[in-house]
Structures are given as C-alpha cells and as structure tokens.
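Every value quoted in this text rests on a predicted model; they were computed, and no experiment measured them. Chain A is the first sequence line, chain B the second, and so forth, proteins listed ahead of strands; every chain is numbered from 1.
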There are 2 protein chains.
Amino acid sequence: MNDGVDSWIANEFSGVCPVRDLLDRIGDKWSVMVVLRLGRGTERFRALLRAVDGISQRMLTVTLRALESDGLVHREVFDTRPPSVAYSLTPLGVSLLVHISALANWAMEHEAEVKEAQAAFSAKTAKAPSEHRN
Amino acid sequence: MNDGVDSWIANEFSGVCPVRDLLDRIGDKWSVMVVLRLGRGTERFRALLRAVDGISQRMLTVTLRALESDGLVHREVFDTRPPSVAYSLTPLGVSLLVHISALANWAMEHEAEVKEAQAAFSAKTAKAPSEHRN
DNA sequence: CAGTATCCGACAGGATACTG
DNA sequence: CAGTATCCTGTCGGATACTG
C-alpha cells in the first residue's frame, strides 16, 4: 500500500518531490476548504463565498484559479445576465477529495486527543523554564 | 465512511472547525515532511536535519516542538556526551501518518496529470489576455 | 454576479551567531 | 550535538475600490 512513498522516503526522501509540490499547492489557507465544499457538488462563486466562512473575495478567486490550473476544479461560464460561473470538482479533484475527507475525518475524530496533548504540553513547559515573569 | 465530514459540511461547513485547525498546524511548510520521515522510525535531530532536505535548524526545532505539543511526536532526551535527542511518532502520529502517506501516494500517482493540466491551463490563459509583454 | 487591481500589514521562515 | 536568540525579508492574504 505504502510502497510508493516508502521507497521514495527510503532513498532520498526530499529534494524535488511531489509531496512538496502538493503541499505548496493545497497546503495554503483555503484550498482544502474549497475542495471539501465542492465535494458536495457544483457551486457558484457567490455561493462558495458565503459557504466558505471567512474567505475573502480575492482569496476565493485566487484559490479557484490555482485549483483550476492544477486540474482539480472545473470552471464553467454561463453567458447570462447577470453572469454566472459554476465550479465543480474534476475527476482528478474527486480522487483527491477522498483523501482530504479522510484527513478531515481524522481531524474530527482526534480533536480531543490533540487538545489533551496540548494541555499536557503546556503544563509541562510551564514549569521547565526559570519563570521569567514580565 | 464520510458521514462525519459530510454532515458537518452539510450544516455550516466552516466557522470553527477541526479541519481548519489541522491545516493551521500541519499545513505549514515542514510538518508533513517531518512526519513522513519519522514514519520510517525514530530519528535524532541531526539526522532529521540532513534527511529533510532544505529545512533550517530553526524550522526543524519549531516544527518538532509544534508536533510534540500536538501529541504527534515523542521527544526523548538521552543525557550523554554530547547530548542526544530522539524523535519518534506517537500512536496518534502514526494514525495521522496513514492518511498523510495516502496523500503522498496520491501526489506521486497523479503528478503527471497535474502537470498536464497546468500546461493546458497556461496555454489557455496565454492567449486570453491582451498580451502585455515586458 | 463575478471578477480584477492596489495597497498594505502580519507573520512564516531563512541566515547567522551564540550556549550548555 | 541540540538547541536558543536575533534579525530581516518575502509573500500570504485581508480590506477596499473599481469593471463588464
């Protein structure tokens, strides 16, 4: 199953690698959120803007362009009045969505564990340094 | 399978969500690379520094601290001369590694498709704008 | 509605020097 | 070796205003 990554990691691991590329793309602030949302189905610009909470118009445009250029998102323009543009996942995008969803699920399942670990870590580091209070 | 994310997306999708949190953590430049590398087994600071190509000493420290505080990485100090510190994945880290590896594999499998899409996109956008040459 | 163009602040992260 | 402390730059991304 993991033979692909495994062998790659075993050899040189880094330098020029597809994982770095992938992260440089969808590792940004919004890509994953947009892909997840589009996983529900085709959606228009405005709708996405409202759905993906906190994203600015500019960043939605930028993100969609990037995803489109990577072949993950399909953009279809309808010459209506007022103009309308629909975005949807390409088959490639769907194939990625699977893994992203898995990651999202992991995040939800282990949310508590992470918070617990953070609390433990804070407690541990709080007493370690010779407390220099302000 | 996806019912977790799905129902969440269906409701409000965004706002405060575990996926945002996860991305804010491991969505940075190095976390995923380090986790992938540690997936091979315990490794010491220097070794990691050499293995994860391109990372600076500072960023390795910062990244490891973050991963440790999230409970994904375990840090063990050996009081030797010279000092030695070993890093390894916690069970939680391993559970995440599974999905990250899947993503890494996806990246490798679809590397060509993405590049193809990018070429097509460049070609398409190259003629659209009223070429303003430098 | 669906963008594009600017401006700008915040912060991620690289380089370097120093410590136990 | 395994860090910490500083400094400094690039760029990510938010706010705002304008266009077809």
Side-chain angles (χ1 to χ4, degrees), chain A residues 14-15 20 23-34 37-38 42-69 73-88 121 124-125 128-132 134, chain B residues 14-15 20-21 23-34 37-38 42-69 73-88 121 124-125 128-132:
Chain A
S14 308
R20 252 275 56 88
L23 287 169
D24 286 344
R25 286 170 205 311
I26 67 159
D28 71 312
K29 192 169 181 182
W30 299 111
S31 295
V32 169
M33 306 296 278
V34 170
R37 178 65 189 190
L38 286 179
T42 300
E43 204 144 28
R44 294 174 45 187
F45 190 87
R46 265 292 135 175
L48 274 173
L49 196 59
R50 275 185 297 261
V52 182
D53 174 285
I55 196 172
S56 65
Q57 188 162 336
R58 184 180 115 86
M59 286 320 293
L60 180 55
T61 303
V62 171
T63 302
L64 285 170
R65 285 287 177 280
L67 292 174
E68 188 194 355
S69 98
V73 160
H74 174 67
R75 178 171 182 268
E76 189 168 9
V77 182
F78 299 98
D79 201 358
T80 56
R81 220 344 298 227
S84 154
V85 180
Y87 291 92
S88 56
F121 187 80
K124 193 173 57 181
T125 50
S130 49
E131 44 185 326
H132 61 118
N134 198 17
Chain B
S14 308
R20 253 272 59 88
D21 288 358
L23 287 170
D24 287 344
R25 286 171 204 310
I26 67 159
D28 72 311
K29 193 170 183 182
W30 299 112
S31 294
V32 168
M33 307 297 278
V34 170
R37 178 66 190 189
L38 286 179
T42 300
E43 204 145 27
R44 293 173 47 186
F45 190 88
R46 265 293 135 176
L48 275 172
L49 196 60
R50 276 185 297 262
V52 181
D53 174 284
I55 197 172
S56 65
Q57 187 161 337
R58 186 181 113 86
M59 286 320 293
L60 181 55
T61 304
V62 170
T63 302
L64 285 171
R65 286 285 178 283
L67 292 175
E68 189 194 355
S69 97
V73 160
H74 174 67
R75 177 172 182 268
E76 189 167 8
V77 182
F78 299 98
D79 200 358
T80 57
R81 229 323 316 213
S84 154
V85 180
Y87 291 92
S88 55
F121 187 80
K124 192 172 55 179
T125 49
S130 48
E131 45 186 323
H132 60 121

When the distance from [atom1] of [X] to [atom2] of [N] is rounded to whole Å, what number comes out?
X	N	atom1	atom2	value
A:D53	D:dG14	CG	C1'	14 Å
A:L23	C:dG13	CG	P	11 Å
A:M59	D:dG13	CE	P	4 Å
B:L64	D:dC1	CG	P	16 Å
B:D28	D:dC12	CG	C1'	14 Å
B:I55	C:dA15	CD1	C1'	14 Å
B:L49	D:dC1	CG	P	9 Å
A:D24	D:dT11	CG	P	12 Å

field: Distance in Å, B:R58 CZ paired with B:T63 OG1, rounded so as to fall on 0.5 Å steps
entry: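 The OG1 atom of B:T63 is 9.5 Å from CZ of B:R58, to the nearest 0.5 Å.
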
message: Return the CH2 to CG distance between A:W30 and B:L23, rounded to the nearest 0.5 Å.
response: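 The CH2 atom of A:W30 sits 10.5 Å away from the CG atom of B:L23.
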
message: Just so I know, are the side chains of A:K29 and A:M59 near enough to count as touching, which here means a heavy-atom distance under 4.5 Å?
response: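 Of all side-chain heavy-atom pairs linking A:M59 with A:K29, none is under 4.5 Å.
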
message: Counting C-beta onward and ignoring hydrogens, is there a side-chain heavy-atom pair between A:V77 and A:P83 closer than 4.5 Å?
response: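 Counting from C-beta outward, A:V77 and A:P83 never come under 4.5 Å.
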
message: Minimum heavy-atom separation for B:T42 and B:S88, please, with both atom names.
response: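 Answer, listing the atom of B:T42 first, then B:S88: OG1-CB, 3.3 Å.
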
message: Show the nearest heavy-atom pair for residues B:V52 and B:I55, with the distance to one decimal.
response: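 Closest pair (atom of B:V52, atom of B:I55, distance): O-CG2, 3.1 Å.
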
Where do N or O atoms of nucleotides 15-18 of chain D meet protein N or O atoms at under 3.5 Å, pair by pair?
none

Going by the rule salt bridge (charged side-chain N to carboxylate O under 4.0 Å, His left out), which residues pair with [X] if we only count those two or more places apart in sequence or in a different chain?
X	result
B:R25	B:D70
B:R65	none
A:D24	A:R20

Which nucleotide, [options], lies nearest any side-chain atom of [X]?
X	options	answer
A:F45	D:dG14, C:dA2, D:dA2	C:dA2
A:W30	D:dT4, D:dA2, D:dG14	D:dG14
B:R50	D:dT4, C:dA2, D:dC1	D:dC1
B:T61	C:dG13, D:dT4, D:dC1	D:dT4

Under 3.5 Å, sequence neighbours excluded: what are the donor-acceptor pairs made by side chains of residues 44-51 of chain B?
{"from": "B:R44", "atom 1": "NE", "to": "B:S84", "atom 2": "OG", "distance (Å)": "3.3"}

query: How would you list, by chain and number, every residue that makes a side chain to side chain donor-acceptor pair (under 3.5 Å) with A:R75, sequence neighbours excluded?
result: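 Here the qualifying residues are A:Y87.
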
Sequence-distant partners of A:S69, side chain to side chain donor-acceptor pair (under 3.5 Å), two or more places apart: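 In terms of side chain to side chain donor-acceptor pair (under 3.5 Å), with neighbours along the sequence ignored, A:S69 is linked to no residue.
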
query: Dot-bracket for DNA chain D: what is it, with Watson-Crick or G-U pairs under 3.5 Å, [ ] where a pair crosses earlier ones, and | for a pair to another strand?
result: ||||||||||||||||||||

field: DNA chain C-proximal residues of residues 75-85 of chain A, any heavy atom under 4.0 Å
entry: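 Those residues are A:R75, A:P82, A:P83, A:S84, A:V85.
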
